[in-house]
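Chain letters run A, B, ... following the sequence lines, proteins first and then strands; every chain starts at 1.
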There are 2 protein chains.
Amino acid sequence: MDSAPPAPPSSPSPWLPFESRRRARDEKREAVLRAAVQLFLEQGYHRATLNEVADRLNITKPALYNYFRGKDEILFECWSMGAELVDGVITEINAGGGSGLAKLRKLVHAYATLMATDFGASLVRFDLRDLAERNAGVARAAKRRIDATFRRYITAGIADGSIRPCDPKLAAFAIAGSLNWIGHWYRREGKLSPTAIADEFTVRLTDGLAAEVRLQMTKKTPRAPQGRNSGRKATGKKRTGGETG
Amino acid sequence: MDSAPPAPPSSPSPWLPFESRRRARDEKREAVLRAAVQLFLEQGYHRATLNEVADRLNITKPALYNYFRGKDEILFECWSMGAELVDGVITEINAGGGSGLAKLRKLVHAYATLMATDFGASLVRFDLRDLAERNAGVARAAKRRIDATFRRYITAGIADGSIRPCDPKLAAFAIAGSLNWIGHWYRREGKLSPTAIADEFTVRLTDGLAAEVRLQMTKKTPRAPQGRNSGRKATGKKRTGGETG
DNA sequence: ACGATATGTTACCCACGGGTAAGAAAAAGT
DNA sequence: ACTTTTTCTTACCCGTGGGTAACATATCGT
């Protein structure tokens, strides 16, 4: 709809139409997911109806069944999109080098950023009990992998001396808890930009574990030692649309 | 049902029967809430039916309407129970003295402990959008109060020097996120006792903020410098029933 | 003992929303 | 131009579960 295809003037190859047709289908499928995840997040899975999803796409409910077997499968696919994003992040970090602490910091930063996206938030805001048993199993496995990664980086950090000895399990719980919660309070319209949040959380969640001196400056120099932070206005007082709970 | 009344042999006063009758009613009301909160947590609000709630109490669905106006009101009352617990904790801490950091630590500890209870968990596992608008407003207000308390303690701590300068808002988000998440992963059958969790989180979530040296010992002395920790077996490897996500 | 009230039961209603059947409309293939 | 396949619509089904009405029964005050 919004992104016009590259418009191949007239495809001579009989393959291209086939490919483009498959692409069109995949694009529609994804459009459904985008509309669905948005609505599910807005209203909650059970309050959102397939009719509403369809309405947003200017189609009717049964048309959705050309792309998905049912509501719960749509939910699962939304969830999967988020999981794939995380998996991508993890394999990328694994590919690179660095101490356990460095890897943990990368993961925290990327994960925090993801939590500010629709598909990322769906990872923590959707209830796996709404999935068919088969899909729920897949999702649980993915969660375990993510959890294991947190713990592995921490364990590695302890081994290589970059992280002070601690219980990796509880440390992972604490860190992941803070991060997951972002998915619940973050609002696009709020004052905090995703990168600002990610920068801050990277420091706050890991400097308590670091073996060496703290990253953060003790004086009033605002914050975020890393680079890139978009336009933000320091510690504004007004409502930003979300509480801790 | 399970707790026989004190059995006043024959109450001469006409007041007592009245009182005892009201008590009986309140007890039943609370029994409904206990059954409901348990079921709502187990299955999720939407999947749980009033018939199931009634079944667990050996009554029938319409009987519930003697005590509540509807399903959403039951949900709200469950939520309120949790909120009252937190409010109690807060007023108690406010009554006592101590630095901002000390108060924050007390709050973290108590809040973490609460998250391991049914009514406490309901604070973070129920969706306020399921409430009638009026009740949702009350709940939002309560959440704001709790959030404000976290920030107030942090701000006070910065002012009195017990906490290093930082953004109280983000610090509160980070801490509350970790704590709230407990309500999602804690399992009664797991190996981690509520007090063990609370002890650990109290240290881990606040020592990054403390102005003075860390509480936690750097060496391998297991953990939990505070007193009381129930029977626990160190860092067991096996599944404890819950991942970070 | 007796009427009033509170409490509970059986039987029912019905809105809601996921899912399906049958066929129109649009595209693709030939 | 024709058939075939894909895509989408209209019309419908129906299980589910919150909520209600009418009636039964226990409880209490007097």
Can a donor-acceptor pair be found between the side chains of Tyr67(B) and Asp26(B) at a distance below 3.5 Å?
-> no

Taking the six-membered ring for Trp, is the centroid-to-centroid distance between Phe126(B) and Phe76(B) below 6.0 Å?
-> no

Step through it carefully: locate the ring centre of Phe173(A), locate the ring centre of Trp185(B), and say whether they are under 6.0 Å apart.
->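 When the ring centroids of Phe173(A) and Trp185(B) are compared, they turn out to be within the sub-6.0 Å range.
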
OP1 or OP2 of [N] versus the side-chain N and O atoms of [X]: is any pair under 4.0 Å?
{"X": "Tyr67(B)", "N": "dG8(C)", "answer": "yes"}
{"X": "Arg25(A)", "N": "dT6(D)", "answer": "no"}
{"X": "Tyr65(A)", "N": "dT20(C)", "answer": "no"}

What nucleic acid atoms does [X] come within less than 4.0 Å of, heavy atoms only: base, sugar-phosphate, or nothing?
{"X": "Ala48(A)", "result": "sugar-phosphate"}
{"X": "Thr49(B)", "result": "sugar-phosphate"}
{"X": "Phe68(A)", "result": "nothing"}
{"X": "Lys61(B)", "result": "base"}

What nucleotide among dC8(D), dG19(C), dT9(C) has an atom nearest to a side-chain atom of Lys71(A)?
-> dG19(C)

Minimum-distance nucleotide to Pro62(A) side chain [options: dA21(C), dT9(C), dT7(C)] | dA21(C)

